[in-house]
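These numbers come from a predicted model, not from an experiment. Numbered from 1 within each chain, the chains take letters A, B, ... in sequence-line order. Any value given below was found using the heavy atoms of this structure, including those in side chains, with hydrogens, waters and symmetry copies removed.
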4 protein chains.
Amino acid sequence: MAKRTGEKYDAIINAAVRVIAQYGYHQAQVSKIAREANVADGTIYLYFENKDDVLVSLFNEKMGAFISDVEKALSNVPSPVNQLRELIRLHFEYLQADAQLAIVTQIELRQSKPAVRKEIGLILKRYLGVIDRVIQDGIKDGLFREDIDVRTARRMIFGTMDETVTSWIMKDCKYSLTDQVEPMLDLFLNGLSK
Amino acid sequence: MAKRTGEKYDAIINAAVRVIAQYGYHQAQVSKIAREANVADGTIYLYFENKDDVLVSLFNEKMGAFISDVEKALSNVPSPVNQLRELIRLHFEYLQADAQLAIVTQIELRQSKPAVRKEIGLILKRYLGVIDRVIQDGIKDGLFREDIDVRTARRMIFGTMDETVTSWIMKDCKYSLTDQVEPMLDLFLNGLSK
Amino acid sequence: MAKRTGEKYDAIINAAVRVIAQYGYHQAQVSKIAREANVADGTIYLYFENKDDVLVSLFNEKMGAFISDVEKALSNVPSPVNQLRELIRLHFEYLQADAQLAIVTQIELRQSKPAVRKEIGLILKRYLGVIDRVIQDGIKDGLFREDIDVRTARRMIFGTMDETVTSWIMKDCKYSLTDQVEPMLDLFLNGLSK
Amino acid sequence: MAKRTGEKYDAIINAAVRVIAQYGYHQAQVSKIAREANVADGTIYLYFENKDDVLVSLFNEKMGAFISDVEKALSNVPSPVNQLRELIRLHFEYLQADAQLAIVTQIELRQSKPAVRKEIGLILKRYLGVIDRVIQDGIKDGLFREDIDVRTARRMIFGTMDETVTSWIMKDCKYSLTDQVEPMLDLFLNGLSK
DNA sequence: CATGAATGAGTTTTCATTCAT
DNA sequence: CATGAATGAAAACTCATTCAT
């Protein structure tokens, strides 16, 4: 029933990003999103099942595009070390380039109800898979230690990047996120110890 | 106006933990918490300003006790390396011992509105300060590298632990969290590289 | 403006009968009727003023045809007693032959709003007139008692048939409606008393 | 959860009757009923599950009281013939005494959705049982013919009364309903034939 | 003649909070 | 101190109808 494609589909998703970023998740009413998208309230329901579907679709479209970009970029990078650098760089670059999107995916959408968060979690799994592959390649190529647990390493990489972006937003995006790439990569690769 | 102390104060906070853990943040109505605490709805407003105050107080009481425990424990540990081990161990042990509390602080309370999350953030700062001190001590003692950025390292440590606990809950607390201490510490100290 | 005639006019009315019978009055949206009739939503408004007009026209077409049939049939029956028998028989036969139509006119259309029900009432008047004439003829011919009130008798005849058809539908049309003709006629003519 | 009893319970039901009678089923919003009952909108949900529950409860309370009255009255009447007279008389008297209630139960509530109508149908069954018993007693006492079908006779009695009340309301309650008792009883007992 | 995308008005229900007892 | 009945504001969604093509 819902079209899930077309000019207005994109307009509504982008309007949702702007409205949620500006007013916050709990003040992002359907009518506000509709007005921002220059469509009638009812039009939203021609393109989406319901409000939750708008939010999940938003995450899916934006995160899906990001993951595809990352996958494509990494496929051109030979060394797992450089792949990891590229992964962090793209993660930060992408969110730094669109602070509104960062606020929405990093802060606001996490307030959504369980059903929405579950869908979002599923989408994120694909990204975690990308991280896993970089780690596994690193081990296979003899660059990373064989005794590390892939899941532990993945949680370190994703958890650190996630926490870093959240901190950055909470500090009003005042500093450069991409400046964090090298120090973070260095920590990941070499750890704290002398 | 709000008493913020007494037998019923604790009863309400503990009831809130149980209700939120069982029904989720969005289904944890004041009347449900009151019933669980065996008090009348109105009684909650004798001990707390409003519902948000219950949530913030809950986090404050539980997290405050945890941070004090951590501070006390670390003061008895000489080496920063062992302090870091102890920090991770206590973090995991504490949440593993009380899965309901883990669900509430780790998952449910993050769906709360900005005002509550801001308060929670302030409480967390004290914990982040504890982590910072361990890192700084490690550098001072010549155990950790001098060229690492304390904030970057802190975000790695906190972000990784946070992501790990969240994953553990999402997987229904099926495995042992404390088993993760040593591999994680190893990663923090030595990194991924051979 | 509305054409009120043509191939699609009939197609829409018959589609409306099917949709209302299947989904019920409250789930019979214009778009559903349009799809069932293989026309676009807007096309309905080329043949009908509005949705209410579809419903009223439906009743008018179906009931009008029925009343004409009854009038023609009765004109060939000499005795008012046999006319009454024929009236009941045709009433039951007609609805028994088209259970969908029976459901729509007997159950679903009665949930419509006052304006539609009023129109339906006007159409029904013609049928009540037919009943009246049978009664009056019966009295004139000395077959029926002179002291009966025509309107009371008419309400008995119509009310009983109506209630009988409704019961039959509510019982899923499980038994034969036309089997009820003779016992009902007998009750009408001779009453309950020994 | 819903209290289903108390002063306000009755106030809300009676307010619903007045509002539905005055504005019609489709214009009887919860807020209008609340205002008429001098309570807040939310108060209605302390006494009823939802709006449908108000309507079903309305019918249940009013019809239930009526049926009890009829049962009690008939138990003091020895002859089935007089029981039938009393049944018709009470049916008409009750609705004539409260034209608003008559409009609501006879006209407006029949526009309600299937779920509500189903509940109403169940309540009506008890009344149909009362009619059945009168007929059966009449047969047993040798006053009514043994060859009549109880269900056919019941549909005649109920259908005729129902149609009569509906006609009366449609004619704006201009004439006396109770004047119809004797002619109707006569028709039921003796039929149309000379 | 026919289409079907777009419109936008309108209503039930929840639940944090109050305050008379 | 404690109660719990009462309050009332606030928002997602449907669907009959229009009109540019």
For [X] and [N], what is the distance between atoms [atom1] and [atom2] respectively, to the nearest whole Å?
X	N	atom1	atom2	answer
B:Asn50	E:dT17	CG	P	5 Å
A:Arg35	F:dA11	CZ	P	12 Å
B:Phe48	F:dA2	CZ	P	13 Å
A:Lys32	F:dA11	NZ	C1'	11 Å
D:His26	E:dT11	NE2	P	12 Å
D:Leu46	E:dT12	CG	P	17 Å
C:Arg4	E:dC1	CZ	C1'	18 Å
A:Ile44	E:dT7	CD1	P	10 Å

For residues 30-39 of chain D, which residue pairs qualify under side chain to side chain donor-acceptor pair (under 3.5 Å), counting only residues two or more places apart or in two chains?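 Counting only pairs at least two positions apart or across chains, the side chain to side chain donor-acceptor pair (under 3.5 Å) contacts touching residues 30-39 of chain D are D:Arg18-D:Glu36, D:Gln29-D:Lys32.
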Find the runs of at least 3 consecutive base pairs, i with j, i+1 with j-1 and so on, that include DNA chain F, using Watson-Crick or G-U wobble geometry with both distances under 3.5 Å.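 DNA chain F forms these stems: E:2-21 with F:2-21.
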Is the shortest side-chain heavy-atom distance between C:Arg110 and C:Thr105 below 4.5 Å?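 Of all side-chain heavy-atom pairs linking C:Thr105 with C:Arg110, none is under 4.5 Å.
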With a 4.5 Å limit on heavy-atom distance, are the side chains of A:Lys3 and A:Lys8 in contact?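 With C-beta onward as the side chain, the pair stays apart.
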Minimum-distance nucleotide to D:Val30 side chain [options: E:dT12, F:dA6, F:dC1]: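 Nearest to the side-chain atoms of D:Val30, counting from C-beta on, is E:dT12.
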Nearest-neighbour nucleotide for the C:Thr43 side chain, F:dC1, E:dA5, E:dT3 considered: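 Per side-chain heavy atoms of C:Thr43, the pick is E:dT3.
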Most 5' of C:Asn38 and A:Val39 on DNA chain E, judged by nearest nucleotide: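 The residue mapped nearer the 5' terminus is C:Asn38.
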Comparing B:Ser31 and C:Ala40 on DNA chain E - which has the more 5′ nearest nucleotide: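 Checking each residue's closest nucleotide, the 5'-ward one belongs to C:Ala40.
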Mind checking the P distance from F:dT21 to E:dC1? Whole angstroms is fine.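 These two P atoms come out 23 Å apart once rounded.
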Under 4.0 Å between a Lys/Arg side-chain N and an Asp/Glu carboxylate O for C:Asp98 and C:Lys62?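 So C:Asp98 does not pair with C:Lys62 through a salt bridge.
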Below 30° counts as parallel, above 60° as perpendicular, anything between as tilted: where do the rings of C:Tyr9 and C:Phe48 land?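 Parallel.
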